[in-house]
Amino acid sequence: MDLAYTEEEQEFRARLRAWLATVLPALPAKPAPDDWPGRRAYDTAWQRALYDAGYAGLHWPVDAGGRGATPTQHLIFLEETERAGAPYVGANFVGLLHAGPTIAAEGTAEQRARWLPPVLRGDEIWCQGFSEPEAGSDLAALRTRAVRDGDHYVVSGSKIWTSHAEVADWCELLVRTDPAAPRHRGISWLAMEMDAPGVTVRPLRTLAGSTEFAEMFLDEVRVPVSHRVGAENDGWRVTMVTLSFERGTAFVGEVVACRRTLAALAAEARRNGRWDDPVLRRGLGRLNAEFRALWRLTQWNVSEAQRAGSGGVPGTGGSVFKLRYSHARQELYEAAAEVLGADSADLDREWALDRLSSLSYTIAAGTSQIQRNIVAERILGLPKGR
Amino acid sequence: MDLAYTEEEQEFRARLRAWLATVLPALPAKPAPDDWPGRRAYDTAWQRALYDAGYAGLHWPVDAGGRGATPTQHLIFLEETERAGAPYVGANFVGLLHAGPTIAAEGTAEQRARWLPPVLRGDEIWCQGFSEPEAGSDLAALRTRAVRDGDHYVVSGSKIWTSHAEVADWCELLVRTDPAAPRHRGISWLAMEMDAPGVTVRPLRTLAGSTEFAEMFLDEVRVPVSHRVGAENDGWRVTMVTLSFERGTAFVGEVVACRRTLAALAAEARRNGRWDDPVLRRGLGRLNAEFRALWRLTQWNVSEAQRAGSGGVPGTGGSVFKLRYSHARQELYEAAAEVLGADSADLDREWALDRLSSLSYTIAAGTSQIQRNIVAERILGLPKGR
Amino acid sequence: MDFQLSDDQRALRAGVRELLAGRFGRDRMRAALDAGTGVDRALWRELGEAGFFALRLPEAEGGVGLGLPEAVLLFEEAGRSLLPGPLIATHLAAGPVKGAAQGEAVVAVLDAGQPVAHLGEADALLVLGPGDGRGVPEESATVREAATVREAADPVRSIDPFTPLWRVAEPAEAGEPLPRDGRLRTEGALLAAAEQLGSAARTTEMAVQHAGAREQFGAPIGSFQAVKHLCAGMLVRAELARCAVYAAAVTADPVEIAGAKLLADDAAVRNARDCLQVHGGMGFTWESDVHLHLKRAWLRSGQWLTAAAAEEVLAGNLC
Amino acid sequence: MDFQLSDDQRALRAGVRELLAGRFGRDRMRAALDAGTGVDRALWRELGEAGFFALRLPEAEGGVGLGLPEAVLLFEEAGRSLLPGPLIATHLAAGPVKGAAQGEAVVAVLDAGQPVAHLGEADALLVLGPGDGRGVPEESATVREAATVREAADPVRSIDPFTPLWRVAEPAEAGEPLPRDGRLRTEGALLAAAEQLGSAARTTEMAVQHAGAREQFGAPIGSFQAVKHLCAGMLVRAELARCAVYAAAVTADPVEIAGAKLLADDAAVRNARDCLQVHGGMGFTWESDVHLHLKRAWLRSGQWLTAAAAEEVLAGNLC
């Protein structure tokens with residue numbers, strides 16, 4: 001059990017910190033949440049800066065154009081960028097953290113050469129077309145159809161919860177290529193150009209009033225067969241391989257941010273006098289224990305991944321983390337509402353919108369109910385079923 | 001919505017209160033928990049006193065020897081006896097509240113004449129042989145076999161969680177008479193004499209260290225066919241009819257007792273200074289809201305039963321009550337432990353043993369998990385299954 | 001004792017539910033939401049005509065002459081239907097404030113330290129006395145013209161799209177004293193609890209409806225215990241809150257009202273949260289009504305009597 | 001950074017687990033319970049020989065020369081196996097108190113206001129200074145002979161059948177000052193947290209084992225989501241507590257230790273509760289081991305650092 005960072009890791013951190021101190025002050029102002037072109041430009045410029053400084057694709061394998069960094073270096077990178085207030089991965093998320101790694105692992109040499117470099121340089125943006133209105137938790141129930149027509153697939157259907165669809169160049173798409181096969185066996189993974197005829201994007205308004213997500217309607221969109229990654233009907237495996245190997249770093253920045261929020265809540269409570277209420281104060285103390293432990297759990301998972309080597313660790317450990325984290329973060333914003341008192345009704349006050357957004361944490365990317373099934377069946381070995 | 005008691009109800013209460021004031025001071029000392037003959041004598045003497053005063057079988061129909069009281073009168077009876085510190089129904093529980101009503105509803109005239117009067121007079125004590133080690137929540141999985149041999153059944157198997165088995169005269173027994181039939185169809189209801197050859201009773205020690213319950217082993221016990229209530233293989237319906245019609249009064253005394261405990265906790269907290277801790281104090285305030293509401297829910301259910309007339313109300317409403325009540329009562333004893341602080345480890349302090357006993361509330365008579373199924377399926381109409 | 005609704009009470013409840021279904025059914029509710037309508041004056045007058053505000057005024061004063069139990073049934077229906085506007089304050093002001101009983105006037109409430117809901121649309125303001133529900137006796141409320149207060153007020157971007165809020169400076173001068181008995185805060189808390197109860201019962205229905213219809217993994221999600229047990233918990237919360245609210249309406253006891261507000265707040269907020277969870281991603285959309293219940297439930301939890309104050313009242317009662 | 005067990009640490013853990021399985025497996029544990037044995041002196045000496053008490057003493061002083069992380073692994077195993085006796089106090093007293101390191105002496109702890117565990121079997125008493133964990137700095141502890149304290153003590157009927165308790169009068173005279181650095185209370189809290197962790201992990205295993213084996217309604221109960229999700233929640237609690245406890249052992253930071261104790265107490269108590277629920281009626285019997293974990297977990301929650309004190313430490317750290 002060693003929590004000390006190695007000399008090499010400390011050097012990595014120091015270099016990164018020094019670089020951040022140089023570049024961050026020169027960043028332009030953050031664009032408004034609904035200024036999609038502005039957000040794309042801002043996020044891709046940051047990716048280009050990372051690329052130029054040698055930080056792009058830090059966790060990607062070297063032969064995919066990445067830096068082959070260890071999980072611990074990746075953790076340090078995410079921790080330091082969050083601490084320094086650097087831009088979030090934003091529009092580059094799907095390309096860097098899902099579609100890219102999928103192509104790196106399962107794509108042909110030609111596909112890797114075509115798609116990976118633009119992701120690393122911030123030249124191209126990807127979005128994800130997995131979820132469908134009728135297939136939420138039950139992703140494998142997806143219905144979007146792709147029918148072979150010569151050297152193209154003709155794709156029709158609808159997708160939902162697509163971030164950055166408005167400004168993405170490419171979409172990683174799961175489609176049903178064999179409706180007769182068992183649910184998981186007839187699915188293929190396609191790269192679809194977002195400006196292809198037949199693609200319609202409609203913003204989806206969330207309960208927070210924002211349009212972070214979109215619906216995507218596909219009406220006989222033609223996708224070249226050469227844009228399929230992996231074998232036909234093997235798309236479920238292709239995408240799950242990438243989803244199920246993570247290196248424990250998925251929520252590093254978020255935990256750092258939650259701890260900062262918690263300290264700010266304490267400061268605000270001291271300011272407005274609510275700190276004198278032991279019920280509130282002790283609640284904040286308990287949250288301090290929660291987020292400190294979640295940070296240690298992150299380090300634990302990252303260390304496990306580091307020991308496991310390049311294969312990473314099965315994503316089941318991530319379910320333990322996500323279950324506790326998503327609830328703790330919702331509690332954090334409930335505590336914020338307590339601290340704010342009547343002001344919690346003011347959407348212009350800090351944390352009010354975060355409180356609304358946090359309502360999705362126990363739903364998105366696998367509901368807590370689904371996560372508990374995963375923990376019970378895949379970690380604890382309880383029988384499937386019922 | 002009328003919470004005022006009618007003149008008749010007030011008179012009933014006043015008469016009862018006056019009678020209690022006369023008889024309670026003359027009661028002998030309560031026997032020790034492990035003095036079974038003493039407990040039987042104490043409980044049956046109290047039943048005899050009730051009988052002589054005209055309170056025995058208050059809620060039983062008149063044609064079964066009861067008083068045909070309304071649910072509200074029954075509520076008043078239970079409330080007043082608990083308030084006055086009168087003996088609990090104790091050893092008379094199964095006879096008065098389950099086996100007796102079952103015989104009253106489903107027995108022949110002969111069976112009613114044989115078994116009901118001794119229950120009302122406190123002459124005979126019944127116990128219940130339903131649960132089995134392998135059939136807990138899944139009562140219908142019971143395996144105790146009864147094989148017909150002329151005008152007798154020969155019964156073998158084992159039962160568990162039988163209260164007062166040591167001193168009972170009769171046992172209401174569910175047995176499997178047709179192993180080939182579907183689970184619920186091959187069960188019969190028998191009245192078994194506890195001194196029959198082949199009946200062995202072994203005390204079962206609970207985590208509270210006490211032996212409130214027993215295991216019962218049946219080795220070829222001969223039970224006359226005439227001791228079967230209802231048709232052969234119809235025992236599931238026979239017993240469920242009684243179980244599923246209640247009049248909302250099942251926990252009247254308990255709620256009264258919980259409210260008294262809560263007030264005593266507040267007094268103790270004032271005494272030992274823990275009242276100054278707002279976390280503890282506000283927790284007690286919240287429990288006050290819980291138990292006040294549970295009392296109102298009791299009055300609500302009783303009023304509903306009163307309106308429904310002699311049929312009573314389906315027991316599903318009881319599941320709503322039991323779910324909340326059993327958790328609230330466990331929280332009450334957790335609060336007691338907070339009030340006692342380090343003294344909560346002392347089994348001789350008030351509430352310490354209650355805290356241990358309360359651990360069974362979310363398990364006994366249908367676990368909270370089973371109760372939630374009942375509420376979801378039978379009240380809310382959600383699909384069975386899974 | 002007959003702690004069930006009387007036939008008259010059932011008829012009253014059915015009538016209000018019908019009125020609201022006709023005048024503020026889902027389509028009109030969503031249209032009002034899109035239009036940003038706060039108080040619809042025409043609807044307000046119709047509510048007035050139906051006796052919503054004059055319900056507890058004596059018949060001699062032009063009221064309906066009913067009591068708190070009937071008022072609670074009305075406000076429960078209002079909570080179910082997400083009916084916006086300062087219903088409680090206008091109801092409490094009926095009589096003393098001209099036009100309130102008839103739905104001609106819109107009366108908002110000013111409670112020190114709280115933003116004022118619907119100030120922009122209000123004609124008059126009920127200014128609550130500083131009684132804090134923790135044993136400090138409630139001082140008499142006063143009435144002020146809304147217009148003068150509005151001059152020194154700033155609009156707040158409200159978390160509840162149906163409830164515009166304004167931040168006001170503490171009123172310097174006193175308003176007209178109200179000829180009431182210092183029970184406005186407790187009565188307001190009870191009626192808010194009734195609204196919370198209506199919301200909690202409604203989100204239970206919404207969750208059950210969705211759980212029965214939505215299929216995942218080849219079966220309605222309501223057949224999975226995880227979803228089933230969430231729904232069961234919602235019903236239990238709503239039904240316990242119902243008994244607490246109804247009994248508090250009958251007794252009008254401040255301690256019982258504190259308990260009712262505490263349990264109803266809890267039921268409304270937690271049921272809306274669980275309803276959202278049952279709805280999954282669809283519950284996170286603006287299109288769904290779940291968030292409207294949750295946001296209103298949050299707001300109401302902070303109004304009239306907070307959980308902390310209610311718990312202190314209930315604790316104080318134990319000694 | 002390599003926040004995983006080293007090979008040596010794994011070997012140490014395996015060794016202790018093996019030792020305890022051999023010397024205090026389920027049969028012996030239940031036999032000790034039936035016999036009412038508190039401290040088994042022979043076993044105590046074996047623990048001493050295995051380095052349980054001398055683990056952190058420098059090798060020069062006859063110790064093993066290891067640190068808090070290794071101690072935490074040992075006490076986690078003790079918690080798993082329900083090993084009784086004042087293990088923590090004797091471990092903390094190793095060195096200053098003669099015979100403690102070797103398991104020749106049994107050392108109990110006196111913390112003002114708390115009953116003393118195992119006083120009847122103790123040779124010496126560690127008297128904690130009044131530092132309350134809430135920021136008041138911990139004063140140096142002292143050591144006293146157990147016999148003199150016992151004379152003025154009354155036995156208490158203990159809720160935990162493995163932990164006899166005595167109520168003592170506050171010590172009038174001071175004992176021998178201990179040459180330690182005023183960290184006894186925090187170290188004790190950490191080691192108690194480690195025991196809680198071991199118990200929480202063990203009850204998770206017990207629940208999973210039972211859920212997989214017990215059939216109801218024609219299937220293992222572990223195939224029902226209600227049971228499955230209880231078990232999942234238990235694992236999450238135990239694993240989060242594990243990371244908190246291990247990290248606190250590495251950093252020895254009092255705030256981190258407060259967090260570890262808080263989460264481990266919670267995990268031990270709630271997991272034992274859920275384990276009991278999964279076991280149903282069988283869990284309510286004396287025969288089952290579930291209650292032994294629950295009762296010990298309750299006791300430990302009140303020892304060294306309570307939840308209230310830990311939360312204050314953690315809150316204070318935010319400012």
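Residue numbering restarts at 1 for every chain, and letters A, B, ... go by the order of the sequence lines. Since the structure is predicted, the reported quantities are computational estimates derived from the model, not experimental observations.
- When each of C:Arg300, C:Glu76, C:His293 is tested with C:Ser199 by the rule side-chain hydrogen bond (donor to acceptor under 3.5 Å, both in side chains), just one qualifies, namely C:His293.
- For residues 262-277 of chain B, the interface with chain C (any heavy-atom pair closer than 4.5 Å) comprises B:Leu262, B:Ala263, B:Ala266, B:Arg270, B:Trp275, sorted by residue number.
- The existence of a salt bridge linking C:Glu312 and B:Arg281 is confirmed by a sub-4.0 Å separation between a basic side-chain nitrogen and an acidic carboxylate oxygen.
- Within 6.0 Å of CD in B:Gln10 there are more than 12 heavy atoms belonging to other residues, nucleotides or ligands.
- Counting non-hydrogen atoms of other residues, nucleotides and ligands closer than 6.0 Å to CD of C:Glu18 gives a total of 12 or fewer.
- At a heavy-atom cut-off of under 4.5 Å, chain C is reached by B:Leu323, B:Arg324 from residues 321-338 of chain B, listed in order of number.
- Listed for the B:Glu9 side chain is no donor-acceptor partner under 3.5 Å among the backbone atoms of B:Ile76.
- For C:Asp253, the part sitting under 4.5 Å from any heavy atom of chain B is the side chain, from C-beta outward, and nothing else.
- C:Phe75 and C:Phe52 have their aromatic ring centers within a separation under 6.0 angstrom.
- For B:Arg183, the CZ atom counts as densely surrounded, since its 6.0 Å shell holds more than 12 non-hydrogen atoms of other residues, nucleotides or ligands.
- Aromatic ring pairs are classed by plane angle as parallel below 30°, tilted from 30° to 60° and perpendicular above 60°; the pair B:His74 and B:His59 is parallel.
- For C:Arg13, the CZ atom counts as densely surrounded, since its 6.0 Å shell holds more than 12 non-hydrogen atoms of other residues, nucleotides or ligands.
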